[in-house]
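One structure is given here, and the rest of the page talks about it.
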Amino acid sequence: AQSVTQLGSHVSVSEGALVLLRCNYSSSVPPYLFWYVQYPNQGLQLLLKYTTGATLVKGINGFEAEFKKSETSFHLTKPSAHMSDAAEYFCAVSHSGGSNYKLTFGKGTLLTVNP
Amino acid sequence: EAQVTQNPRYLITVTGKKLTVTCSQNMNHEYMSWYRQDPGLGLRQIYYSMNVEVTDKGDVPEGYKVSRKEKRNFPLILESPSPNQTSLYFCASSWTGSFNQPQHFGDGTRLSIL
């Protein structure tokens, strides 16, 4: 079974500081990896995804993530945090579970941005 | 506008009273899925549908039913709701069941079962 671990259920940064949200996965086959963001009272929105090709993936709102196979990691970064980045972030891995396209989510990391 | 629409957004009800949460997408997506989100547990899949009339269980299907009679609609049915089904529910859809396709999510339905 595949799994996703997000280190740190809550990360707090100052406005303008680097954002680093950690995600590690376990997979017996090449994974497809996603980061989703959830703003209060809203559904999940896709930030970025890794499928194949370049291991550094750029997403919306200045976020990027790097797929590191040797470390089984897919950490999310943003050079300079903005107040509007405050939200909950979910890392997810997809895999073929029989006939099911299944997304397995991490437990989420709540990002707060302090002025 | 491309979207996944869930109704109701909020519902408080009592144990045993049957309820249905509707989900509709306007993107002609083949794949649809229901998740529940609980604090500290992330999102867990309840049921999914690869296409019309094709549904199957996810990780936590107990106490839920679904149907897919039309491509755009995928209702979630709680025949006899219980307090442990109090949760935030999300419907999602994607073009196909391919595992490199991102899913599009609705805004969620918050259910409270008393």
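Proteins get letters first, then strands, A, B, ... in listed order; numbering begins at 1 in each.
Ring geometry for Y89(B) versus W34(B): interplanar angle over 60°, hence perpendicular rather than tilted (30 to 60°).
Within residues 58-71 of chain A, no residue has a heavy atom under 4.5 Å from a heavy atom of chain B.
With a 4.5 angstrom heavy-atom cutoff, Y10(B) touches chain A only via side-chain atoms. Within the 4.5 angstrom heavy-atom criterion, only side-chain atoms of Q37(B), from C-beta onward, approach chain A. Interface remark: Q45(A) contributes no atoms to any contact with chain B (heavy atom separation under 4.5 Å). With a 4.5 angstrom heavy-atom cutoff, Q6(A) does not touch chain B via any of its atoms. Contact of L44(A) with chain B is made through backbone and side chain together, with heavy-atom distances under 4.5 Å.
Considering OH of Y89(A) and CG of L110(A), their distance stands at 9.5 Å, rounded to 0.5 Å. The NE2 atom of H104(B) sits 12.5 Å away from the SG atom of C91(B) when rounded to the nearest 0.5 Å.
The ring pair (Phe, Tyr, Trp, His ring centres under 6.0 Å) analysis of residues 4-27 of chain A, with sequence neighbours excluded, yields no pairs.
Applying the side-chain contact (heavy atoms from CB on, under 4.5 Å) test to V60(B) and every residue at least two apart in sequence or in another chain returns R36(B), R44(B), I46(B). Partners of E79(B) under the salt bridge (Lys or Arg N to Asp or Glu O under 4.0 Å) rule, at least two apart in sequence or in another chain, are K65(B).
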Discussion item. Checking I77(B) against K18(B) for the side-chain contact (heavy atoms from CB on, under 4.5 Å) test, could you report, in this order, the C-alpha distance in whole Å, the side-chain angles of both residues, the deciding distance, and whether it holds?
Written reply: CA-CA 8 Å; I77(B) 303 158; K18(B) 180 180 178 179; 3.8 Å; yes
Worksheet entry | CA sep, side-chain torsions, deciding dist, call: M32(B), Y48(B), side-chain contact (heavy atoms from CB on, under 4.5 Å) | CA-CA 6 Å; M32(B) 298 185 75; Y48(B) 66 95; over 6 Å; no
